[in-house]
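These numbers come from a predicted model, not from an experiment. Proteins get letters first, then strands, A, B, ... in listed order; numbering begins at 1 in each.
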Amino acid sequence: MNVFDVLKERGFVYQSTDETELRHMLETERVTGYIGYDPTAESLHAGNLVTIMMLAHLQRGGHRPLAIVGGGTALVGDPSGRSEMRQMLTKEKIASNLVGIRGQLSRFVEFDDSETGAKLIDNAEWLEKLHYIEFLRDIGRYFAVNQMIKAKGYAERLEREQGLSFIEFNYQILQAYDYLVLHQRYGCRLQMGGADQWGNIVAGCDLVRRVAGAGAHAVTVELITTSAGEKMGKTAAGAVWLSADRTSVYDFYQYWRNVDDRDIGRFAAIFTFKDMQEVRELGRTDGKTVDEINAAKEELAVAVTALVHGEEAALQARDSARAMFGAAGDLTNAPTTEVSRDRLETGVSVVDLLVETGMLPSKKEARRKIEERGIHVNDEMVSDHHRVITMRDFDAGYAILRVGKKSRRRLLAT
RNA sequence: GCAGGGGUGGUCGAGUGGUUAAUGGCACCGGGCUGUAAACCCGGCAGGCGACAGCCUUACGUAGGUUCGAAUCCUACCCCCUGCACCA
């Protein structure tokens, strides 16, 4: 099956250029395709996983994936979907972010010099060297302003009289130019990305056609939402990051472990490499027992976590979660906070501890949760604001502090 | 540029001099029911302190002012929306 159909079957495809041509191209040639990433943070997040998986599928299908990190375009800022001009990043910040992103991508695609080896490219490499007059003459001539201002992102901004700075107006041209450069240097003929990028992407396709006379294609994915209608990859605490420094492996695992029943199959198709038969079976809920559904969620969580953090870490997270939620298991890798024995001698208030561990943002909130009967120490409900934790709570060698049902933390006396 | 409308808590949206930290919906959090689902029901939802009664600090675009007292009145400024004009 060609990559396009794989992507389509798994639920990635939202819009694309001519399907027949795309299929033909993917079936008869080794295609080089790219996706752009914003170096706005040093880590990518769960939402980026969608397009990362697309790159991986491309490579697995025998093609060559390019990940282009917009070091140059980030200096400009994409106005699409933003009502205000985006904050521009400094070069230094972008450079350091690139390093982090490179590491994360390498878990999904092979970076090497083979014919299908992935490459990470920073478009600053060519954008910074542009000569304005030359660029206008060689590239600018292909862009009709009449057409550009019809693009949704620009049109909205113009209508609102809010002002669209010239630098932002150029974003589309620069992204299209990226495509052209990648075509010229690597023979790139496919660009993929989020649906919000459609306009920018097809502008690139056009440019490649006009300048190089070659067919260039595009595929976009829709923004993935949860069945509850939320943007995928967001929690109350913020984005779910791929970096363990920002989102612990345990929390990452728990994010997937806690997905809505309705999302199991859809997510498994997009965020894992399990074959579709298995995906469909995982996602099936009717006729299944509760245990089977939960097992499916565990499998999904382990699979996704393993892709990002490795098999071993994923299994540890699963075991920790199991242990935290009742079943016997190894708590070694569960989220843990250490408390000094000195303090435990005199007793540490639960309220303080909840704040110290970061489980709750303030003492006020901690007291409130106690009133709401949402705080437990070793499965015993805390009913008094003044409850303190002492060595007596560490009979098991540790103590478990719990907020609500899902947030749990192991305390160790040191 | 002229005229009219508007900027309220994560979001939507009430409130137009005084129990208003600000009705209500959504989101979110806690509890119940469950399965670490969904739906539903109950409660909470600015921050801090606390002997849990209470106290303090911030908050209704920004900065000032009037007043015992303002999100609510006045002044200036910023931004958005809708007409008209200008540019053609």
Side-chain angles (χ1 to χ4, degrees), chain A residues 82-85 145-146 155-165 225-240 248 250-268 282-302 304-305 317-329 331 334-335 349-352 354-356 358-377 379-388 400-410:
Chain A
R82 277 169 239 273
S83 53
E84 281 172 26
M85 186 163 158
V145 173
N146 323 279
E156 280 171 15
R157 288 283 294 272
L158 290 173
E159 269 168 37
R160 265 187 278 162
E161 303 178 6
Q162 191 190 6
L164 175 70
S165 75
T225 54
T226 64
S227 289
E230 288 290 293
K231 215 180 198 175
M232 206 282 311
K234 293 273 182 195
T235 65
V240 175
S248 72
Y250 175 87
D251 287 335
F252 186 86
Y253 172 88
Q254 281 292 285
Y255 177 79
W256 299 96
R257 172 63 185 78
N258 282 316
V259 299
D260 192 301
D261 287 7
R262 294 168 291 180
D263 291 329
I264 301 173
R266 210 157 49 90
F267 285 5
L282 266 187
R284 185 172 64 81
T285 49
D286 39 279
K288 272 192 181 174
T289 65
V290 161
D291 286 347
E292 284 168 337
I293 291 174
N294 279 324
K297 288 187 185 178
E298 270 196 348
E299 203 175 329
L300 168 70
V302 168
V304 182
T305 307
R318 183 197 63 192
D319 291 345
S320 302
R322 280 182 180 170
M324 275 292 198
F325 285 92
L331 277 166
S349 94
V350 169
V351 170
D352 288 342
L354 286 166
V355 177
E356 272 176 42
M359 297 175 85
L360 291 175
S362 70
K363 290 186 184 180
K364 188 182 179 180
E365 182 70 19
R367 289 198 191 90
R368 183 182 297 141
K369 288 287 177 285
I370 288 175
E371 270 168 35
E372 291 174 349
R373 307 172 171 280
I375 306 298
H376 294 257
V377 172
D379 284 332
E380 174 207 331
M381 196 228 291
V382 174
S383 53
D384 178 8
H385 291 180
H386 306 101
R387 168 76 151 90
V388 293
I400 299 287
L401 187 56
R402 192 173 118 206
V403 178
K405 286 177 206 165
K406 294 175 193 165
S407 172
R408 299 171 190 225
R409 198 155 202 110
R410 180 176 62 147

- Considering heavy-atom distances to RNA chain B, does A:Pro361 or A:Val290 have its closest nucleotide positioned more toward the 5' end? A:Val290
- Query: A:Ile375 or A:Lys363: which one's nearest nucleotide on RNA chain B is closer to the 5' end?
  - Reply: A:Ile375
In whole Å, what separates the [atom1] atom of [N] from that of [M]?
N: B:rC2; M: B:rC87; atom1: C1'; result: 16 Å
N: B:rA37; M: B:rC81; atom1: C1'; result: 44 Å
N: B:rU66; M: B:rG17; atom1: C1'; result: 11 Å
N: B:rC33; M: B:rA39; atom1: C1'; result: 11 Å
N: B:rU8; M: B:rA46; atom1: C1'; result: 14 Å
N: B:rC45; M: B:rG9; atom1: C1'; result: 11 Å
N: B:rA71; M: B:rC60; atom1: C1'; result: 5 Å
N: B:rC41; M: B:rC79; atom1: P; result: 46 Å

In whole angstroms, how far is the [atom2] atom of [N] from the [atom1] atom of [X]?
X: A:Lys405; N: B:rC29; atom1: NZ; atom2: P; value: 12 Å
X: A:Met359; N: B:rG30; atom1: CE; atom2: C1'; value: 13 Å
X: A:Glu371; N: B:rG32; atom1: CD; atom2: P; value: 16 Å
X: A:Glu365; N: B:rC45; atom1: CD; atom2: C1'; value: 7 Å
X: A:Ile264; N: B:rG35; atom1: CD1; atom2: C1'; value: 11 Å
X: A:Lys369; N: B:rC52; atom1: NZ; atom2: C1'; value: 17 Å
X: A:Asp384; N: B:rA51; atom1: CG; atom2: P; value: 10 Å
X: A:Arg367; N: B:rA51; atom1: CZ; atom2: P; value: 8 Å

Touch check for [X], heavy atoms < 4.0 angstrom, all strands: base, sugar-phosphate only, or nothing?
X: A:Lys297; result: base
X: A:Arg368; result: sugar-phosphate
X: A:Ile293; result: base
X: A:Gln254; result: base
X: A:Arg408; result: nothing

- Message: Just verifying a value: how many Å separate A:Arg373 CZ and A:Met381 CE, rounded to the nearest 0.5 Å?
- Response: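 Output value for this atom pair is 4.5 Å.
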- Taking atom NZ of A:Lys363 and atom CZ of A:Arg367, what is their separation to the nearest 0.5 Å?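 One finds 6.5 Å between NZ of A:Lys363 and CZ of A:Arg367.
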- Message: Taking donor-acceptor contacts at under 3.5 Å, does the side chain of A:Asp261 reach the base of B:rG35?
- Response: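 Under the 3.5 Å cut-off, the side chain and the base do form a donor-acceptor pair.
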- Message: Does A:Lys364 contact B:rG47 through a side-chain donor or acceptor facing the base, at a distance under 3.5 Å?
- Response: yes
Would a distance-only check, ignoring hydrogens and angles, find a side-chain to backbone donor-acceptor pair under 3.5 Å from [X] to [Y]?
X: A:Glu365; Y: A:Ser362; answer: no
X: A:Lys297; Y: A:Ile264; answer: no
X: A:Lys288; Y: A:Leu282; answer: yes
X: A:Arg368; Y: A:Ile370; answer: no
X: A:Arg408; Y: A:Met324; answer: yes

Opposite nucleotide pairing with [N], Watson-Crick or G-U, both atom distances under 3.5 Å:
N: B:rC33; value: none
N: B:rA22; value: none
N: B:rC45; value: none
N: B:rC87; value: none
N: B:rU66; value: none
N: B:rA3; value: B:rU82

- Task: From the options B:rG47, B:rG30, B:rG35, select the nucleotide whose nearest atom is closest to the side chain of A:Asn294.
- Result: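 Looking only at side-chain atoms, A:Asn294 lies closest to B:rG35.
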- Query: Which one, B:rA37, B:rG30, B:rC52, comes nearest to the side chain of A:His385?
  - Reply: B:rC52
